[in-house]
Every structure is written in C-alpha cells, then in structure tokens.
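Notes to accompany the following structure.
Along the sequence shown, the residues carry numbers beginning at 1.
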Amino acid sequence: MNCPKCNTEVSKDAKFCTNCGTPLNGTEGNAEPENPAFKQREPLNMQKFIKPGIIVAGVIVLIAVIALISNRSETIDLTKYVELKYEGYEGYGTAAIEWNEKKFIKAIGEAVGADANDFYDAVVDFDMKDLEKAIDDDDIDAEDLMEMIYEIYEDAKLDKESELKNGDTVTVTFKYDNEDAKDFGIKFKGEKKEFKVSDLEEVKKVNPFDYLEVTFEGISPSGNINLKKKDSGEKVMETVNFEAEPSYNLRLGDKVTVTAKTWGDEQQLRTSYGSILSETTKEFTVEGLADYISDASELEKDDLFAKLKTQTETVLNAYFAGEQSSISQSDFKYEGYYFLGAKAADYYSEYNKIYMVYSATIKSKDKYNRFNPTKVYFPVEFRNIVKGTDGKMTVDLNSYSQKGGISLGYKWMNAYTDTTSMKNALVVTEGAKFDCTYGGALQE
C-alpha cells in the first residue's frame, strides 16, 4: 500500500510511513507520538546557499570555456621548417632559404583539420578544387589559405645572401599576419632564425704566370715575344689564353705587358673550378735579343773584324783582276774604317754600317788613256752588324757595296782620290742619322 500523505509505498503491516512518519492503518487516535526520525523533510532550497555572485561567475567561466574551445588555434613555429643551403667558396659563398616544404604544408593541413597528405598534394599542385575537398570546411576559404602559404614563403628574407665566409651569421626573417591566420584557426610564431655559415671550401688562387714561358727572339729593335703555356694540372688554366702588348718591333729594355684572359669572370671560375687567378697582368722586360751594334768599340776585338778585312781584300782583288787589262795596282794596304751607328733606328731602317777602306796606287796600262800614277781609296760597305746573345758579332759578308766615283782619264772607278772627299760623301752627309766612329789611319 502507499502512504496517504507522501504516496510512498509501504508494507501493509506498517504503522508509520517510513518516509514521512504518518500513522497508518487507523492508528491515528491511539498512536504513539510521531517518531522524529521519520519526520517529513522539507525539500532542499539551494537558493538559500548559492549567492548571486557565484552564479554569475559560473556563467562567465562557462562562456569563456565555450569561447576558448570554439576559437582554439594551432600554433605553428616557422623556425622549425627552414634551413639554409650554402654554395660557393670561402669569402664568396651564397646562402638560400631551404624550406621543409612537405613538413610545413602538412602542419598547416593538420591545423585546419584536413587530411595532411591530400592537403599537401593539392597545395603543391595548386589544385584549388582538391584543396577545398581536402579541407572540407565551408568556413575556410581555400584560395585565401593557399595565398597565405605562398606569401609566407615569399616574405621570408635573408639579411645577407652573398660574399659569405665560414663563421658569418645569417638571419632569416619571417613575415606573417596572425589576424588573417586566425580565420583558419592558425597562429604563427617565430620572427627570425640565425644560422652560422659553415662548410664553404677555400678558393684556390692560381697564378697563371707560374705556367707561362716567355721568350724573345729576333734582333733588337725588331724583336718578337713568344708566349708558351706550360702544363699545370690546374683545370682553371684550361680557360686561360695569354696576350702581349706590344708583341713585335721590340728592342732590348722595352716593357711588354702580358695579360691572362679567360672565358669567364671571377664568379664563373669559382663556380666551375673552385679557383681564381691571383693576378691577370704582368710586365716583362725585353731581353735575350741579338742587337745591332751602335758603335765599334768592341768590333776590333771580335773575330768578325778580321773577317771583314779578309772579305774586303777578296772583293777588291777580284775587282782589280777584272780591270787588269787597263790598270795595275801596287802598294795595296788597309787604311781604316768608318763605322756609322743609327741614332734612332727602327725596324725598317739601316741600323749600322761600316766602310772598310783600303788604298792602292793605280797606274794606267791603256795607251789610249794615260794618267799619272794615283793613290786611290777604295771603301767597301757592309751593313747591319749584329751582336748575338752569345756576345759574338755577325754580318752578311756576301752583302756588300763598293762606294765612290772618280775618273782617271776616262777610266771610271768606285773610289776616292782623297780622304776629305771620301769622308764628306760617306760620313758628313749622314751626320743627321748616324753617329760615326773612325778606325785605323782614318781616325781624326
């Protein structure tokens, strides 16, 4: 049965309600006093115990929790996704930002709740349709998200990119807008990251002139320079050619500038060969050329002097032999020489000349051309005496010329009848171009 007052189910033999203590089964009149343990309890009034301020605070906390959950953002540290790539050589190195693209893009994909692999594929393929499918969230603008990713790539900058050496500090600076990123539930951090340059190789400096053989040939002042590149084992030397300025019409003591030229500039040489040229120009002094003598101070001591006398005698004796039908000669002897050295010789002029002078008394044998016995001077000219690098003198003995012109009767001869006219003709008239040295009996 149930209690008539509180409707609690009780046994039929119960005298009191076990809940509220109400007497049961007609025991009201002679019932014992109501058991205090079963006195009916009033409903609990929570408002008596909860203060109004506590209620308000609870509501605020609940709202904050809900807001925090709904505005939760994933934080992505950009410094974790970049490294630097170094190329080049010590003092000439370059640096470039190298993103861990796959890891970075997948992190953003996970932050927006997308499948990371599908998100990465869509971003690198720049496939907007697949990107929207991977995100699967109408509240996220896929195109804006794509643009934000690529702007982060583009806005990352280095404070120094070139002419780097080992130990230099290079800083990557990041740029981002967390207000925009909030639309995608993302927050970025990491404003910059520093790197120490390392592992740049030393640039090898090669002196190209260590592998160049320079020689001079010819006769001053019309010598030439020869440039011969020697084997070096240096790859960079395969690109080098040498040029000389001037390269011809050289005289002893001249200065020649030799330039080492390559197909590429210094940066290209470093990149391709890891080497640069330590110098590209060098000055050389012309030496080792034979030279045309300018005076006869050493001539008489050289073997050539005796050869000149012998050749002159041979030439004149041959001349006399050819004229023996009309003249005869006696008292044939060496008188001396005139040596003329050019004051300012060049490659097309006479550099020097010597007149070897012999005399003889000439008599007529022609009964139709009688003249008195006459002392005659016979000069024979040789040109361009050279002193070789070994110190010895040479000349072309077969290239000669008999000089002078006189008439004995009607007999014409290449000769002079006195030294004054001979000197005037051979020396004085050449004074503007040559300096003269006299030898033998012809000395002044």
Side-chain angles (χ1 to χ4, degrees), residues 55-88 93-162 164 166 168-200 271:
I55 296 174
V56 173
V59 171
I60 291 174
V61 170
L62 180 61
I63 293 172
V65 171
I66 294 172
L68 181 62
I69 294 173
S70 62
N71 292 311
R72 183 185 59 181
S73 16
E74 293 287 339
T75 299
I76 296 177
D77 186 352
L78 296 178
T79 63
K80 294 181 178 180
Y81 303 100
V82 294
E83 294 295 334
L84 290 193
K85 180 181 180 181
Y86 305 111
E87 292 184 345
T94 61
I97 298 172
E98 197 168 62
W99 284 87
N100 188 331
E101 182 180 83
K102 192 168 188 177
K103 187 177 178 182
F104 175 58
I105 294 175
K106 281 188 173 184
I108 293 179
E110 291 172 353
V112 299
D115 179 272
N117 291 322
D118 292 345
F119 183 86
Y120 170 75
D121 291 339
V123 170
V124 296
D125 293 340
F126 214 79
D127 190 323
M128 207 61 62
K129 186 175 181 180
D130 284 352
L131 185 60
E132 291 174 350
K133 184 177 178 182
I135 296 172
D136 194 24
D137 187 338
D138 292 338
D139 292 334
I140 293 179
D141 188 313
E143 186 173 345
D144 288 347
L145 180 56
M146 178 85 79
E147 182 178 351
M148 182 188 72
I149 293 171
Y150 280 97
E151 282 181 351
I152 288 175
Y153 280 148
E154 293 173 0
D155 291 341
K157 303 295 181 184
L158 292 174
D159 65 339
K160 190 176 183 181
E161 298 179 354
S162 60
L164 301 176
N166 290 321
D168 282 352
T169 299
V170 179
T171 303
V172 181
T173 302
F174 302 98
K175 183 180 178 182
Y176 47 83
D177 188 337
N178 274 332
E179 284 299 314
D180 291 341
K182 186 167 62 175
D183 295 340
F184 310 110
I186 297 172
K187 180 180 180 181
F188 293 111
K189 75 173 185 176
E191 294 182 358
K192 63 183 180 179
K193 185 176 182 180
E194 290 186 348
F195 295 87
K196 285 286 186 183
V197 179
S198 61
D199 300 327
L200 292 176
T271 302

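- To the nearest 0.5 Å, atom CG of residue Asp177 and atom NZ of residue Lys182 are 10.0 Å apart.
- Taking every heavy atom of both residues into account, Ala114 and Phe119 meet most closely at CB-CD1, 4.0 Å.
- Between the Asp159 side chain and the Thr171 main chain, a donor and an acceptor come within less than 3.5 Å of each other.
- Atom CD1 of Ile105 is separated from atom CG of Asn100 by 9.5 Å, given to the nearest 0.5 angstrom.
- Taking CE of Met148 as the start and CD1 of Ile186 as the end, the distance is 4.5 Å to the nearest 0.5 Å.
- Lys106 and Tyr120 make their closest contact through CG-CB, 4.0 Å (heavy atoms, listed as atom of the first residue, atom of the second, distance).
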Given side chain to side chain contact (heavy atoms under 4.5 Å, CB included), test Asp137 with Val112 step by step and report yes or no.
CA-CA 9 Å; Asp137 187 338; Val112 299; over 6 Å; no
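- The number of heavy atoms from other shown groups lying within 6.0 Å of NZ (Lys160) is above 12.
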Tell me, with the steps shown, if Phe104 and Ile76 meet side chain to side chain contact (heavy atoms under 4.5 Å, CB included).
CA-CA 9 Å; Phe104 175 58; Ile76 296 177; 4.3 Å; yes
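- Under the side-chain contact (heavy atoms from CB on, under 4.5 Å) criterion, Ala122 pairs with Asp130, Leu131, not counting sequence neighbours.
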Could you go through the side chain to side chain contact (heavy atoms under 4.5 Å, CB included) check for Asp141 and Asp183 one step at a time?
CA-CA 9 Å; Asp141 188 313; Asp183 295 340; over 6 Å; no
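- Residues satisfying the side chain to side chain donor-acceptor pair (under 3.5 Å) criterion with Asp136, sequence neighbours excluded, are absent altogether.
- Of the listed residues (Thr79, Leu78, Ile97), just one forms a side chain to side chain contact (heavy atoms under 4.5 Å, CB included) with Val172, and that residue is Ile97.
- When all heavy atoms of Glu191 and Tyr176 are compared, the pair lying nearest together is CG-OH, 4.0 Å.
- Judged by distance alone, with hydrogens and angles left aside, the side-chain atoms of Asn166 form a donor-acceptor pair with the main-chain N or O of Asp199 at under 3.5 Å.
- Annotation for Ala111 and Glu74: closest pair CB-CB, 3.6 Å, computed over non-hydrogen atoms.
- Tyr86 approaches Leu200 most closely through the heavy-atom pair CB-CD2, 4.0 Å.
- Taking a 6.0 Å sphere around CG of Asp138, one finds it holds 12 or fewer heavy atoms contributed by other residues, nucleotides or ligands.
- For the residue pair Asp155 and Lys175, the shortest heavy atom distance occurs at CB-CB, 3.7 Å.
- Contact check for Leu145 versus Ile108: side-chain heavy atoms found under the 4.5 Å cut-off.
- Using a 4.5 Å heavy-atom threshold, the side chains of Lys193 and Glu83 count as touching.
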Would you please test Tyr81 and Phe174 for side chain to side chain contact (heavy atoms under 4.5 Å, CB included) and show each step?
CA-CA 11 Å; Tyr81 303 100; Phe174 302 98; over 6 Å; no
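- Atom NZ of Lys133 has 12 or fewer heavy atoms from other residues, nucleotides or ligands within 6.0 Å.
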